[in-house]
Amino acid sequence: MEAVCLTIPTDGSSNADTVCLHLGMTFSAYPDPDLSRQDLADFIDQFRDSLRQDPESWENNDLESFLEALSAWTREMDGYFTNRGEPVPDVPSWRLIAQMLLAARVYE
C-alpha cells in the first residue's frame, strides 16, 4: 500500500512534520485534472478512518482545532508551494483539497 505524505513547516524555521496516510492510491500519481471527485471522497473516508483508529497521531483531532488549522494553512499555503518550487494554485483542485485536509491534521 502506498502512502500519501505532506511535509508541513511547523514554524518559520527549518522544522517540519511529515504527515502520511497509507492508501491504495497516491495523489502524486495523479495530475490535478485526473484526480476525481470520487478519488477525493475515498481519500476523505480513509482520512476519517485514520482519525478513528489513531486520534493521538492527529495534532488537531477535534473539529474546532482542525477547522482553525485548515483556515490557517489555507491562508499561508503559498509558502508551502513556493518552498517546494511548485506554482501556487489559483483555482482549487480535488488534489489541493486533499492537501489542505492533510495539512490541517497537524498544522499549528
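Values reported hereafter were calculated over all heavy atoms of this structure, with side chains retained and with hydrogens, waters and symmetry mates removed.
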So [Y] and [X], do their side chains get closer than 4.5 Å, heavy atoms only?
| X | Y | answer |
| --- | --- | --- |
| Leu102 | Phe47 | yes |
| Arg105 | Ser50 | yes |
| Met77 | Phe81 | yes |

Side-chain donor/acceptor of Ser71 to backbone N/O of Glu68, under 3.5 Å: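 Not confirmed, Ser71 side chain does not pair with Glu68 backbone.
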
N/O donor-acceptor pair under 3.5 Å between Asn60 side chain and Tyr107 backbone: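 Flag set: sc Asn60 to bb Tyr107 pair under 3.5 Å.
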
Side-chain donor-acceptor pair present, Asp42, Gln38, cut-off under 3.5 Å: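 There is such a pair between these side chains.
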
Specify the closest pair of heavy atoms between [X] and [Y], including all atoms of both residues, with the distance to one decimal.
| X | Y | result |
| --- | --- | --- |
| Leu96 | Ser93 | N-OG, 3.0 Å |
| Ala69 | Ala104 | CB-O, 3.5 Å |
| Leu70 | Leu101 | CD1-N, 4.3 Å |

Inter-residue atom distance Asp62.CG - Leu51.CG, 0.5 Å rounding: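 Reported value, rounded in 0.5 Å steps: 9.5 Å.
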
Atom pair CD (Gln53) and CZ (Arg48), whose distance is rounded to the nearest 0.5 Å: 10.0 Å

Pair Phe43 and Trp94, ring centroids less than 6.0 Å apart: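 When the ring centroids of Phe43 and Trp94 are compared, they turn out to be at least 6.0 Å apart.
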
Test side-chain contact (heavy atoms from CB on, under 4.5 Å) applied to Asn61 and Glu59, step by step: CA-CA 6 Å; Asn61 61 11; Glu59 180 72 30; over 6 Å; no

Glu86 atom CD: more than 12 heavy-atom contacts under 6.0 Å: yes

Atom CZ of Arg75 with >12 non-hydrogen neighbours under 6.0 angstrom: no

